Participant: 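Have a look at this one before I ask anything.
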Amino acid sequence: MIGINIYINQATQKSLIQAAALNEMSIEELASSLLRESIQERFGEISNSETQAEYPINPLREMRPYSYLADPSEPAISPDDWEINQDF
């Protein structure tokens, strides 16, 4: 969360206080929601297009992770193969 000082005129301050009272919420909550909506409307398209241009789409995004189906109690290398490899 970022704290920001925003300066608004007296008329806007009164309107904000009245709107917060009517909506039964704090002035901070109302101002935050108004800013969030306004920023998304105004700059949401810009940030989305910049992000898409900056980072290519990951082709593995929709794939599910590989699941290892072996039994953990069994050895991964069979005893016969293990003995063959020990001779070298």
Side-chain angles (χ1 to χ4, degrees):
M1 185 164 149
I2 299 172
I4 300 174
N5 292 329
I6 298 175
Y7 299 100
I8 54 177
N9 63 24
Q10 287 291 97
T12 305
Q13 286 179 11
K14 287 181 182 179
S15 297
L16 189 60
I17 292 169
Q18 290 173 350
L22 288 173
N23 290 319
E24 297 178 354
M25 59 189 330
S26 72
I27 297 169
E28 291 83 4
E29 289 174 325
L30 179 60
S32 294
S33 67
L34 291 171
L35 280 172
R36 185 173 37 255
E37 291 170 7
S38 175
I39 289 170
Q40 288 298 324
E41 285 177 11
R42 192 150 190 197
F43 301 110
E45 296 173 7
I46 294 170
S47 64
N48 287 341
S49 63
E50 288 176 0
T51 304
Q52 289 176 356
E54 188 175 341
Y55 301 107
I57 296 173
N58 183 356
L60 303 176
R61 180 183 61 206
E62 300 297 325
M63 295 183 73
R64 302 182 81 198
Y66 175 76
S67 59
Y68 186 67
L69 301 176
D71 185 6
S73 63
E74 295 178 8
I77 300 174
S78 69
D80 295 334
D81 290 339
W82 182 256
E83 291 172 7
I84 291 171
N85 291 329
Q86 294 299 317
D87 293 338
F88 294 109

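On a predicted model such as this, the values are computed, not experimentally measured, just so you know.
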Participant: Sequence neighbours left out, what passes side chain to side chain contact (heavy atoms under 4.5 Å, CB included) with Ser26? Give chain and number order.
Facilitator: Glu28, Glu29

Participant: Could you pull out all residues at least two apart from Leu16 that satisfy side chain to side chain contact (heavy atoms under 4.5 Å, CB included)?
Facilitator: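 So Leu16 forms a side chain to side chain contact (heavy atoms under 4.5 Å, CB included) with Ile8, Ile27, Leu30, Ala31, Leu34.
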
Participant: Once side chain to side chain donor-acceptor pair (under 3.5 Å) is applied, do any residues pair with Thr12, and if so which ones, sequence neighbours excluded?
Facilitator: Asn9

